[in-house]
Student: 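One structure coming up, written as structure tokens, with questions to follow.
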Amino acid sequence: MARTVPLAVLALAALAAPGLAAAPGCDSPAHRWCSSRDVAAACQVESRCPSLPRPAAAPVELSLYYESLCPACREFLVLKLFPTWLLLPEEMLNITLVPYGNAQERNISGKLDFECQHGPEECLGNMMEACLMHEAQNFSTYFPVIFCLESGSSVTKNLEAQCLQIYAPEVDSGRIAACVQGDTGVALMHHNAQVTEALDPPHQYVPWITVNGKHTDELQAQAEASLLGLVCHLYQ
């Protein structure tokens, strides 16, 4: 019974055939041309090297512009975004959270102030979540905490006693409180205000979803109907 010759070996044999000239800039011998993608590219033989690994695809970039007390925002984050993030490999989906939404930034006697759609408690919730992201840094650390806050009975009262203790006990609640009460929290909210106001097209409601930097009514509807399906469709 004849032995099956691996396709990669056949490719190497073809590459090493007498008379096959190296491409300009190729310093490697023919038997090394398929040893790596860089070498194959330099020798202009990538199409003849079937064993080369394909380059990793870029993750789908999803940004959520939301308000901490907005019912529709909480529903999307808790029931669609968080489960999708849990189900997908890390390299497939990159999420950016921007808690601000329909808030208004005001300059009162040289001091920035914020007015939120659902009142002062929502402004507090927005700033708490912004400060949490700032202090935790790692998305996989702070997203479960935000999920806990948004799915619980109170966004603003469950941080230290419940959500941090369960999902991120290593994060210092005192630093988050200092951020909320100090200039850092104001600066973070000012940044979120600028990012939200720079949206093109301008946001008209919340939650406002962009996918790979774009927002359309169709993308918004697809994300709300089947976010998992949309990400799997877009990931190349």
Side-chain angles (χ1 to χ4, degrees), residues 59-103 114 116-189 191-192 195-196 206-211 223-232:
V60 175
E61 301 281 344
L62 185 143
S63 294
L64 174 64
Y65 298 82
Y66 71 104
E67 301 168 347
S68 62
L69 298 187
C70 160
C73 299
R74 297 176 75 173
E75 179 180 353
F76 178 78
L77 190 151
V78 171
L79 299 181
K80 302 290 178 63
L81 188 57
F82 188 74
T84 299
W85 175 71
L86 288 178
L87 288 169
L88 292 176
E90 183 177 351
E91 63 270 16
M92 284 187 65
L93 179 62
N94 187 33
I95 300 171
T96 300
L97 301 175
V98 185
Y100 186 80
N102 295 326
F114 303 94
C116 295
Q117 184 174 3
H118 298 92
E121 187 176 3
E122 179 166 80
C123 283
L124 175 60
N126 290 345
M127 190 176 291
M128 286 176 63
E129 293 185 5
C131 284
L132 168 65
M133 295 183 217
H134 177 73
E135 293 299 330
Q137 296 291 318
N138 191 299
F139 186 84
S140 62
T141 299
Y142 64 71
F143 193 30
V145 180
I146 291 177
F147 162 78
C148 176
L149 292 173
E150 294 292 341
S151 61
S153 58
S154 173
V155 171
T156 58
K157 296 177 182 177
N158 291 339
L159 179 64
E160 183 175 1
Q162 296 184 28
C163 296
L164 273 184
Q165 185 177 351
I166 295 171
Y167 292 103
E170 71 277 15
V171 178
D172 187 346
S173 61
R175 291 180 61 88
I176 297 174
C179 171
V180 170
Q181 296 164 11
D183 294 338
T184 301
V186 174
L188 292 171
M189 293 313 300
H191 171 75
N192 286 356
V195 171
T196 303
V206 286
W208 187 262
I209 302 162
T210 66
V211 181
E224 292 181 333
S226 177
L227 181 59
L228 181 63
L230 174 63
V231 174
C232 291

Student: Under a 4.5 Å cut-off applied to non-hydrogen side-chain atoms, are L124 and C116 in contact?
Tutor: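 With C-beta onward as the side chain, the pair stays apart.
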
Student: Holding to side-chain contact (heavy atoms from CB on, under 4.5 Å), I want the full list of residues that pass it with E170, two or more places apart in sequence or in another chain.
Tutor: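 Listed in chain order: T141, A168.
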
Student: Taking the side chain as every heavy atom from C-beta outward, state whether L62 and L227 have any pair of such atoms under 4.5 Å apart.
Tutor: yes

Student: M189 versus N126: any side-chain heavy-atom pair under 4.5 Å?
Tutor: yes

Student: What's the spacing between L188 CG and M133 CE if we round to 0.5 Å?
Tutor: 9.5 Å

Student: Taking the side chain as every heavy atom from C-beta outward, state whether T210 and Y65 have any atom pair closer than 4.5 Å.
Tutor: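 Yes. Closest side-chain heavy atoms under 4.5 Å.
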
Student: Would the number of heavy atoms belonging to other residues, nucleotides or ligands and lying under 6.0 Å from CG of N138 be above 12?
Tutor: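 It does: N138 CG has more than 12 such atoms within range.
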
Student: Rounded to the nearest 0.5 Å, what separation is found between the SG atom of C123 and the NE2 atom of H118?
Tutor: 11.5 Å

Student: Determine whether E224 and P207 make a side-chain contact, defined as any pair of heavy atoms from C-beta on separated by less than 4.5 Å.
Tutor: yes

Student: Is there a side-chain contact between Y66 and I146 (heavy atoms, below 4.5 Å)?
Tutor: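 Touching, per the 4.5 Å side-chain cut-off.
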
Student: Mind checking side-chain contact (heavy atoms from CB on, under 4.5 Å) for A178 and listing every partner two or more places apart, or none if nothing turns up?
Tutor: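 Per chain and number, A178 pairs via side-chain contact (heavy atoms from CB on, under 4.5 Å) with no residue.
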
Student: Sorted by first residue and then second, give each ring pair (Phe, Tyr, Trp, His ring centres under 6.0 Å) pair with at least one member in residues 130-157; sequence neighbours left out.
Tutor: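 Qualifying pairs: F82-F143, F82-F147, W85-F139, W85-F143, F139-Y142, F139-F143.
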
Student: Looking at every heavy atom in both N192 and A130, which two are closest together, and how far apart are they?
Tutor: ND2-CB, 4.1 Å

Student: Can you give me every donor-acceptor pair (side chain of residues 94-103, partner residue at least two apart or in another chain, under 3.5 Å) with its distance?
Tutor:
{"residue": "N94", "atom": "ND2", "partner": "E61", "partner atom": "OE1", "Å": "2.7"}
{"residue": "N94", "atom": "ND2", "partner": "E61", "partner atom": "OE2", "Å": "3.3"}
{"residue": "Y100", "atom": "OH", "partner": "A103", "partner atom": "O", "Å": "3.3"}
{"residue": "Y100", "atom": "OH", "partner": "E105", "partner atom": "N", "Å": "3.1"}
{"residue": "N102", "atom": "OD1", "partner": "H203", "partner atom": "NE2", "Å": "2.8"}
{"residue": "N102", "atom": "ND2", "partner": "E67", "partner atom": "OE2", "Å": "3.4"}
{"residue": "N102", "atom": "ND2", "partner": "Q117", "partner atom": "OE1", "Å": "2.8"}

Student: Excluding sequence neighbours, so at least two apart, what forms salt bridge (charged side-chain N to carboxylate O under 4.0 Å, His left out) with E129?
Tutor: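 Result, salt bridge (charged side-chain N to carboxylate O under 4.0 Å, His left out) vs E129: none returned.
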
Student: Quick check: does any side chain N or O of R74 sit under 3.5 Å from a backbone N or O of G152, one acting as donor and the other as acceptor?
Tutor: yes

Student: Mind listing the side-chain donor-acceptor pairs of residues 155-162 below 3.5 Å, one per line with the distance, residues two or more places apart or on another chain?
Tutor:
{"residue": "T156", "atom": "OG1", "partner": "E121", "partner atom": "OE2", "Å": "2.9"}
{"residue": "N158", "atom": "ND2", "partner": "S154", "partner atom": "O", "Å": "3.2"}
{"residue": "E160", "atom": "OE2", "partner": "S173", "partner atom": "OG", "Å": "3.4"}

Student: Nearest 0.5 Å please: distance from the CG atom of L88 over to the SG atom of C232.
Tutor: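 It comes to 5.5 Å.
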
Student: Under a 4.5 Å cut-off applied to non-hydrogen side-chain atoms, are W208 and T196 in contact?
Tutor: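 Contact flag for W208/T196 side chains = no.
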
Student: For the CG atom of D172 and the CG atom of L164, what is their distance to the nearest 0.5 Å?
Tutor: 9.0 Å

Student: Please say which of L228, T84, L87 ends up in a side chain to side chain contact (heavy atoms under 4.5 Å, CB included) with L93.
Tutor: T84

Student: What's the spacing between M127 CE and I176 CD1 if we round to 0.5 Å?
Tutor: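 Nearest 0.5 Å value for the CE-CD1 distance: 13.5 Å.
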
Student: So does L69 get a backbone contact from the side chain of E122, meaning a donor-acceptor N/O pair under 3.5 Å?
Tutor: yes

Student: Does C148 reach the side chain of Q165, with side-chain heavy atoms less than 4.5 Å apart?
Tutor: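 In short, these two side chains do not touch, never coming nearer than 4.5 Å.
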
